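Structure record follows, encoded as C-alpha cells.
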Amino acid sequence: MKLFDAHCHLQDKRVIDKAPELISAALAVGVTNFAVNGTSEQKDWDLVKEMGEMYPSVIPCFGIHPWFIADRSPHWLNTLRKLFETTPTAAVGEIGLDKSPLAAGIDYSDQLAVFRPQVELAKELNKPVAVHCIDAFDDLLEIMRSVGPFPAGVILHSFNGTAEVVPKLAELGAYFSLSGWFTYIDEKIAKNTLKSIPSDRFLLETDSPDGLPKSDESSEPTLNEPANIVAVLEYVSNLSNIKKEDLAELTYGNTVRLFSYPGSKLL
C-alpha cells in the first residue's frame, strides 16, 4: 500500500532536527513522498530548498502563508519567482486567506495583496498551488474565477469548507486534501463533505507537525508526523465506507498525477 503526504512542514523548527527519523518512519509504513510547504520568505524557504535537495522523497513547495505576510521583503515576489527558476522540482505553497481568529491582527487587505500574485504565478508557471483557506471561501472563489481555471491544480489543504462549495471549486481545478484536522469535524458534516468530493480530486495529508488526528490524542501534547497519515486514511475509510486499500490507491494516484508537472521529481 502506497501513500503520499500531500502537505506537511518537515522544515518546522519543532521537528527539523528529527526529519531523517520522521521520513524513515513514514517510508516504513508506505509513504513514498512528502510535499513540504514553505511558509515564509525569511524563515524557511532556504530550509525547504535544502530539504528538497537532500531527500529524493521531498517535493519542495514555496509560498507566503497569510500568517507570515508581515515578514516579507519589498522584493518578495521576485525572490519567489527566482526560486522557482532555480528549483524546477518545486510546487507553489503554502499560500492562503484567513478570516478566522487564528489570523487576528493580520490585515485582510494585505492578505489579498499577497495571495493574488502568488495564485497568478502558479497559473503562469503551470504548477499546483497549496492553499490555506479558513472562513474566506467566497473571496477564494472570486479570485480563482478571475485568474483560473487551474489545470495544474489548486490544493485546498486541510479542507474544512462545506459540501456546497466543493463543486464550484472543483470546476476551477481544485483538489481537496484531508488531514488529521478532519477528524475533529462533526461526523454528519464530514460525511456530507466526503460525498461531495469527486473521486479524482481526493488527497490525504498530515499537515505535520500540526494536525494530530483525534484518535491519537493523549494527555501529553504530541507533535504530528507523516507516518500518521495512516490514521487519517483509516478514519476517512471508515467514514466513507471505502476500503482502506482502495482509498490509498485512489488518493496516491491523484497526488502523483497532481505533482507530475514539468520538472517534477516524479517524472
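Predicted, not measured: the structure shown is a model, and the values here were computed from it.
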**Q.** Between Tyr175 and Phe150, ring centroids under 6.0 Å
**A.**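 Distance test on ring centres: not under 6.0 Å, no.
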Q: Check whether the ring centres of Phe259 and Phe4 lie less than 6.0 Å apart, and answer yes or no.
A: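 Under 6.0 Å, so yes.
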Is there a donor-acceptor pair under 3.5 Å between the side chain of [X] and the backbone N or O of [Y]?
X: Arg257; Y: Asp200; result: yes
X: Gln11; Y: Asn37; result: yes
X: Arg145; Y: Glu142; result: no
X: Lys123; Y: Pro149; result: yes
X: Lys2; Y: Thr32; result: no
X: Asn126; Y: Pro151; result: no
X: Thr86; Y: Leu83; result: yes
X: Lys265; Y: Val58; result: yes
X: Glu41; Y: Ser73; result: yes

Using the rule that Ile, Leu, Val, Met, Phe, Trp and Tyr join whenever any side-chain heavy atoms are under 4.5 Å apart, tell me whether [X] and [Y] fall into a single cluster.
X: Ile143; Y: Ile95; answer: yes
X: Phe68; Y: Leu102; answer: yes
X: Leu203; Y: Val236; answer: no

Q) Could you go step by step and tell me if Arg81 and Glu85 meet the salt bridge (charged side-chain N to carboxylate O under 4.0 Å, His left out) rule? A) CA-CA 7 Å; Arg81 182 180 289 277; Glu85 291 174 3; 5.8 Å; no
Would you say that [X] contacts [Y] through its side chain, given a criterion of any heavy-atom pair below 4.5 Å between the two side chains?
X: Ile229; Y: Leu233; value: no
X: Arg201; Y: Val166; value: no
X: Trp67; Y: Thr39; value: no

Would [X] and [Y] count as having a side-chain donor-acceptor pair, cut-off 3.5 Å?
X: Thr206; Y: Asp5; value: yes
X: Asp71; Y: Gln42; value: no
X: Ser146; Y: Arg116; value: yes
X: Trp181; Y: Asp207; value: yes

Q) Around atom NZ of Lys99, are there more than 12 heavy atoms of other residues, nucleotides or ligands at under 6.0 Å? A)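 Enclosed.
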**Q.** Atom CG of Asp138 with >12 non-hydrogen neighbours under 6.0 angstrom
**A.**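 At most 12 heavy atoms, drawn from other residues, nucleotides or ligands, come within 6.0 Å of this atom.
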Q: Given salt bridge (charged side-chain N to carboxylate O under 4.0 Å, His left out), test Lys188 with Asp186 step by step and report yes or no.
A: CA-CA 6 Å; Lys188 184 178 179 181; Asp186 176 84; over 6 Å; no
Q. Say you draw a straight line from CZ of Phe34 to OG of Ser208; how long is it, rounded to the nearest 0.5 Å?
A.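 The OG atom of Ser208 is 8.5 Å from CZ of Phe34, to the nearest 0.5 Å.
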Q: I would like to know whether Phe159 and Phe137 meet ring-ring contact (aromatic ring centres under 6.0 Å, His included); could you show each step before the answer?
A: CA-CA 11 Å; Phe159 181 67; Phe137 284 98; 5.7 Å; yes
Q | side-chain contact (heavy atoms from CB on, under 4.5 Å), paired with Pro117, selected from Val147, Leu77, Leu80 | A |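 For Pro117, the side-chain contact (heavy atoms from CB on, under 4.5 Å) check succeeds only for Leu77.
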